[in-house]
Amino acid sequence: MAAKNTAKALKKAPKKTAAKAPKKTAAPGVPHNAWLIKSEPHVFSIDDLARDGKTAWEGVRNYQARNFMRDEMAEGDLALFYHSSSDPSGVAGIAEVASAAYPDPSQFDPQSDYFDAAATPEEPRWFLVDFKFVERFPAFVPLAALKARSDLEGMAVLQKGQRLSIQTVSDAHLKVVLAMGKAKTKLK
DNA sequence: GCCAACGTTGGC
DNA sequence: GCCAACGTTGGC
């Protein structure tokens, strides 16, 4: 299984106190049903997802991103598939949440870059969902094109210093990006 | 390759 | 519990 995130595995077992209570990042009661997921295309691209059909989104080692997958994603949610650290970076297509959240198996694998010595099957630390391929955009949407749109103002991926590998996307912004990519996918 | 931004670690 | 040091992300 290809790793989706290039963050190095935790080198040491973090102290127990390092596992802080998850902070709520979304407004309570407001469902987020659209997402943006980042992947470096040389590691795992939209074409890799097209080839595999479905994949486990392994290797996320950020609590906020984990919480999105564990607590807020639902099967059927759409996600913009974003190619990061690329030339150019931008949105390459659409994926869909294809499972409930479950423990990321790579955290238990000492051979994996994503091994976490502090995680146990009884007390997993990292969760993931499966994503399935929906479509590759007929027109790749570069970051610069997103930035040029006033109707995408406030979109998380455009915020300075935004590094989170999983982000929420409003329906309005999703609609705009789908149109920019000439997507066949329509909002339900 | 640079470096700003940010999350995590660990000394105190 | 503070906060400096460190490591990573990711655009440029």
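In what follows, every chain begins at residue 1, and chains take the letters A, B, ... in the order their sequences are listed. Since the model is a prediction, treat every value here as computed from it, not as a measurement.
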Measure [atom1]/[X] against [atom2]/[N] and give the value in whole Å, please.
{"X": "Gln167(A)", "N": "dG10(C)", "atom1": "CD", "atom2": "C1'", "value": "12 Å"}
{"X": "Asp116(A)", "N": "dT8(B)", "atom1": "CG", "atom2": "P", "value": "12 Å"}
{"X": "Met155(A)", "N": "dG11(C)", "atom1": "CE", "atom2": "P", "value": "13 Å"}
{"X": "Leu164(A)", "N": "dT8(B)", "atom1": "CG", "atom2": "P", "value": "10 Å"}
{"X": "Gln159(A)", "N": "dG11(C)", "atom1": "CD", "atom2": "C1'", "value": "14 Å"}
{"X": "Leu36(A)", "N": "dT9(C)", "atom1": "CG", "atom2": "C1'", "value": "15 Å"}
{"X": "Tyr82(A)", "N": "dT9(C)", "atom1": "OH", "atom2": "C1'", "value": "11 Å"}
{"X": "Gln162(A)", "N": "dA5(B)", "atom1": "CD", "atom2": "P", "value": "13 Å"}

Does any donor atom in the side chain of Ser84(A) or Glu40(A) lie under 3.5 Å from an acceptor atom in the other side chain? no
Arg61(A) and Ser165(A): side chain donor to acceptor below 3.5 Å: no
What nucleic acid atoms does Ser85(A) come within less than 4.0 Å of, heavy atoms only: base, sugar-phosphate, or nothing? base
Applying salt bridge (Lys or Arg N to Asp or Glu O under 4.0 Å), name anything that partners Arg149(A), two or more places apart in sequence or on another chain. Asp151(A)
Parallel, tilted or perpendicular: ring planes of Phe44(A) versus Phe81(A), cut at 30 and 60 degrees: tilted
Do Lys175(A) side-chain atoms and Leu187(A) backbone N/O form a donor-acceptor pair below 3.5 Å? no
Are Asp104(A) and Arg125(A) close enough for a salt bridge, meaning some N to O gap below 4.0 Å? no
Reckon Lys160(A) has a side-chain N or O less than 4.0 Å from the OP1 or OP2 of dA5(B)? yes
Taking OP1 and OP2 of dT9(C), is either one under 4.0 Å from a side-chain nitrogen or oxygen of Lys38(A)? no
How about Trp126(A) and Tyr63(A): are their ring centroids closer than 6.0 Å? yes
Mind listing the N/O atom pairs, protein and nucleotides 1-3 of chain C, below 3.5 Å?
none

Side chain of Arg163(A) (C-beta onward), nearest among dA4(B), dG11(C), dT8(C): dT8(C)
